[in-house]
Amino acid sequence: MAARRKKGVFNMPVMMCGREAETELSRDGSHYSLSSGILPSLGAMSNRRVKLRRFIVSPYERRYRYWETFLIILVIYSAWVSPFEFGFLVKENGALAMIDNIVNGFFAIDIILTFFVAFIDRATYLLIDDPKQIAWKYMTSWFVLDVVSTIPTELARKILPPKVRSYGFFNMLRLWRLRRVSALFARLEKDRNFNYFWVRCVKLICVTLFAVHCAGCFYYLLAARYHNPSKTWIGVYMPDFHERSLWVRYVTSMYWSITTLTTVGYGDLHAENTREMIFDIFYMLFNLGLTAYLIGNMTNLVVHRTGRTRKYRDTIQAATGFAQRNQLPVRLQDQMISHLSLKFRTDSEGLQQQETLDALPKAIRSSISHYLFYNLVQKVYLFRGVSNDLLFQLVSEMRAEYFPPREDVILQNEAPTDFYVLVTGTAELIDHKNGIEQQILRVARAGDLVGEIGVLCYRPQLFTVRTKSLCQLLRLNRTTFLSTVQSNVGDGTTIMNNLLQYLKEQEEDPVMEGVLREIENMLTWGRLDLPLTLCFAVIRGDDLLLHQLLRRGLDPNESDNNGHTALHIAASQGSEHCIRLLLDYGANPNCRDSEGSVPLWEAILGKHDAAAKLLRDNGANLSAGDMGLFACIAAEQNSLELLKDVIRYGGDATLPKKDGNTALHLAVCEGNHRIVEFLLKQGANIDKPNCHGWTPRNLAEQQGHEEIQALFEAKKACENTSPINNSTPVSRPIGRRFRSEPVIPHVSHEGAPLSGDGSLEEGRHPRRKSSDFHNSLFGIMSAANLERKTGLFSSIGPPRTMMSSGAALHYPHTSQLRVTISCPEKGDITGKLVLLPLSLKELLDIGAKKFDFLPAKVLTKDGAEVDDVKVIRDGDHLVLVSDDWMRQRNPQEARYS
């Protein structure tokens with residue numbers, strides 16, 4: 001980029017706003033307009049804004065465009081006055097000469113400005129902003145002509161030889177400026193904000209008027225400079241024309257010029273000498289070309305405006321002649337005419353949606369189709385549950401079509417090439433027998449699907465679909481649909497399930513019932529082209545279809561997004577035949593899904609003993625899955641039999657799952673002492689904490705399960721029969737005042753539970769803050785159990801925060817601590833006793849309601865600011881203050897007593 005910067009080259013054509021260059025496709029208000037025909041260079045990033053050199057102006061900058069428009073007005077003035085001065089004026093006219101010099105001054109300013117305007121290199125389409133290159137290009141192109149056309153007439157007459165010092169002769173060089181007008185019309189013709197027809201008409205009128213004006217001025221000059229005025233075209237008609245007014249002479253000249261241009265002369269004014277005859281010859285030859293140009297352009301414009309109507313009439317006439325020659329029925333003739341008329345109507349009203357879409361790149365077409373039709377297609381029964389990717393692809397391939405009322409969209413028994421989604425309108429589904437309409441089966445409305453059964457099952461269409469009103473439909477080709485679904489196999493299964501479910505809901509219709517049986521038979525033999533998965537066959541319990549799919553080479557271990565395989569589904573359903581087939585084709589008996597489940601567990605959970613035995617005999621192992629998850633599920637279901645099955649199939653019911661909970665934790669929460677007893681016999685650890693630091697023994701004590709506590713005490717007593725080192729005292733929990741009060745274990749300085757000998761247990765993490773348990777499942781259950789059984793915490797509250805080895809012990813139920821809050825700003829010094837919430841924000845909200853003000857800080861009675869509720873103790877006196885109060889007083893002076 002630096003190298004290009006030194007050369008003054010940017011790899012893109014840009015428009016400049018201020019000092020910044022914008023893309024050629026510029027914004028003007030709320031729309032885009034193509035400013036010129038310049039194309040970006042290959043590899044150009046045309047959407048990037050680039051700065052030009054200092055004092056360099058972009059040719060597309062808005063203010064520069066205004067300047068060019070102003071100059072075009074001056075060009076129009078020069079185009080009229082230059083031939084007029086040349087033909088009719090002999091000497092300077094004071095006012096006209098002054099205006100000419102002012103106009104020349106503006107064009108002189110433009111010459112200077114052009115040296116600072118960047119230009120587009122037509123060979124490389126790059127924007128050049130190097131001043132040297134700009135100056136060289138201008139000096140070698142239009143600079144000389146621009147300077148010469150700007151020289152004042154008075155100075156030119158002194159410089160030119162005497163023979164060519166005629167007034168106005170030098171002014172004819174100013175017609176060079178007309179190139180600006182030509183560029184203006186070229187730009188307006190491409191601007192969609194202006195009507196092309198009227199722009200062309202204005203251009204043709206301007207060309208004609210300029211030709212008439214110039215010819216009249218030049219023809220008068222021949223007569224005025226002729227040595228014998230009586231032998232001229234105007235001298236014969238008006239002998240004293242030199243004494244006549246300028247207006248009369250000009251009108252007479254324009255009259256001759258127009259009559260000659262339109263070839264209606266020469267009756268009164270005609271050539272009288274050889275010089276005039278020669279001029280007339282060339283002028284009429286020029287008129288031949290100009291007339292042909294005008295007639296050709298006007299013809300094209302008129303034909304363009306009437307071409308659609310003519311084409312429509314020709315099409316209707318051809319269709320009518322075809323119907324009459326072949327003696328078509330009246331109904332078919334009406335359908336033909338209605339369809340052609342609707343097509344002409346949509347074209348003439350700008351509704352040719354598909355034609356517009358076809359002219360755009362695929363990405364833009366897909367985005368437009370997604371915006372217009374995605375929400376509608378998403379609600380169609382056949383596509384419920386499919387992925388967004390497949391739906392987006394299908395919507396992009398759909399084509400919108402219009403159908404007039406009473407027109408056949410699909411004929412019964414025709415080949416299944418397309419199916420349709422109704423966007424607007426209604427259509428009738430008609431059953432034919434032996435070519436005779438029998439009955440109208442149903443009426444399809446917006447959002448309904450027609451023709452899908454024939455496409456999906458590749459059989460002749462079942463019904464005739466005839467529009468009942470003006471309809472807009474989305475058409476999808478069968479080949480495109482199947483090729484799209486082939487790359488989305490899982491969605492193909494969903495689509496087939498939706499179709500079967502829809503047919504089952506139509507069981508009252510004997511036709512649909514027959515179609516359902518036929519489709520199921522085709523599924524069994526694998527004759528459907530729609531791609532199916534092994535899971536689809538297993539869900540249906542169709543081992544024959546499963547065998548067909550496996551023989552085609554489908555992967556027996558294919559899984560969905562959650563890792564669930566066909567073997568998982570077969571095991572959960574207890575389908576032994578499907579399990580055998582999958583295992584025979586190499587399915588992994590220990591495949592694990594995202595949740596940690598294996599096929600053997602699915603069979604055990606579904607109580608399919610035969611399937612479980614079959615899997616175990618073929619190498620299935622329960623330990624391949626999440627053993628802790630299996631045991632916890634059994635405990636949650638209060639199923640001792642399921643736990644025994646876990647043990648029977650080689651599992652370990654004492655292992656934790658991912659969150660640290662074991663089956664013993666859940667059994668204690670459920671209060672199922674039978675499962676607890678069973679787990680204790682399997683060696684479950686009563687002191688194993690979960691992720692919140694709660695052990696099964698703590699939970700049993702906190703929830704008051706006496707039978708379970710007795711089981712734990714018996715297990716502990718059994719463990720204590722082993723020799724104990726008397727030198728190390730055994731830590732005992734702090735005594736309780738009430739049965740439902742939790743046991744408070746000893747903790748280390750870091751807050752981690754200590755083992756029975758007071759040392760930090762290996763592998764144990766520090767306990768999390770108390771609110772973790774309060775928000776957990778165990779905390780909610782514990783609180784509910786306490787409130788239901790005793791209600792003691794709510795009336796008395798737990799003891800104050802206790803200290804052991806310098807570390808604070810926080811109760812799980814922080815909200816049961818009682819504190820006194822007061823507000824000195826409101827004059828309330830005694831305060832109000834409230835329960836401590838879980839956060840400072842909630843405490844401030846309580847203070848706002850109690851004292852009717854907006855507190856911002858919480859202070860202790862001694863004036864220290866409180867940053868966390870964890871440092872607040874039971875019975876503390878807290879002071880609530882606002883920001884204004886804090887700013888008015890020094891913190892040392894704000895102590896409250």
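Residue indices begin at 1 and follow the sequence shown. Please read these numbers as outputs of a predicted model, since none were measured by experiment.
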Considering non-hydrogen atoms only, spot the tightest contact between [X] and [Y] and give its length.
X: P131; Y: R53; answer: CD-CD, 3.9 Å
X: M254; Y: C217; answer: CE-N, 4.1 Å
X: A79; Y: F210; answer: O-CE1, 3.6 Å
X: Y77; Y: D100; answer: OH-OD1, 2.9 Å
X: R225; Y: L89; answer: NH2-O, 4.3 Å

- [ ] Kindly determine whether I134 and V117 satisfy side-chain contact (heavy atoms from CB on, under 4.5 Å), including the steps that lead there.
- [x] CA-CA 7 Å; I134 295 174; V117 178; 5.7 Å; no
[X] with [Y]: basic N within carboxylate O range, under 4.0 Å:
X: R179; Y: D146; result: yes
X: R54; Y: D129; result: no
X: K231; Y: E272; result: no
X: E397; Y: K362; result: yes

Side-chain touch [X]/[Y], heavy atoms, less than 4.5 angstrom:
X: I120; Y: I128; result: no
X: L476; Y: D418; result: no
X: W256; Y: H270; result: no
X: T259; Y: L269; result: no
X: T252; Y: I234; result: yes

How long is the gap from [atom1] on [X] to [atom2] on [Y], to the nearest 0.5 Å?
X: Y374; Y: K379; atom1: OH; atom2: NZ; answer: 12.0 Å
X: L294; Y: L204; atom1: CG; atom2: CG; answer: 5.5 Å
X: W67; Y: Y64; atom1: CH2; atom2: OH; answer: 9.5 Å
X: L74; Y: I99; atom1: CG; atom2: CD1; answer: 11.0 Å
X: C214; Y: F86; atom1: SG; atom2: CZ; answer: 11.0 Å
X: N477; Y: M398; atom1: CG; atom2: CE; answer: 11.5 Å

Task: R65 charged N/C atom sitting above Y60 aromatic ring, 6.0 Å / 45° - done: no
Open item on the list: If you count heavy atoms of other groups shown closer than 6.0 angstrom to CZ of F106, is the number above 12?
Closed with: no
Task: More than 12 heavy atoms of other groups within 6.0 Å of M284 CE - done: yes
Please work out whether the ring planes of [X] and [Y] are parallel, tilted or perpendicular, with thresholds of 30° and 60°.
X: F241; Y: Y220; answer: perpendicular
X: F115; Y: Y138; answer: perpendicular
X: W233; Y: Y219; answer: parallel
X: Y250; Y: W247; answer: tilted

Task: Stepwise side-chain contact (heavy atoms from CB on, under 4.5 Å) check, F88 with L246 - done: CA-CA 8 Å; F88 288 91; L246 186 61; 3.7 Å; yes
[X] side chain vs [Y] backbone, donor-acceptor pair below 3.5 Å:
X: H213; Y: W80; value: yes
X: D240; Y: E243; value: no
X: R275; Y: Y226; value: no
X: D491; Y: V386; value: no

- [ ] Step by step, work out the salt bridge (charged side-chain N to carboxylate O under 4.0 Å, His left out) result for R180 and D110.
- [x] CA-CA 12 Å; R180 299 176 181 268; D110 182 69; 2.5 Å; yes
Among side-chain atoms of [X] and [Y], is any donor-acceptor pair under 3.5 angstrom?
X: R174; Y: S78; value: no
X: N228; Y: S230; value: yes
X: Y283; Y: S257; value: yes
X: T150; Y: N104; value: no

TODO: Verify the ring-centre separation between W198 and F194: is it less than 6.0 angstrom?
DONE: no
TODO: Taking side chain to side chain donor-acceptor pair (under 3.5 Å) as the test, write out the residues that go with N375, two or more places apart.
DONE: none
Task: Residue from V181, L184, L175 passing side-chain contact (heavy atoms from CB on, under 4.5 Å) with V75 - done: V181
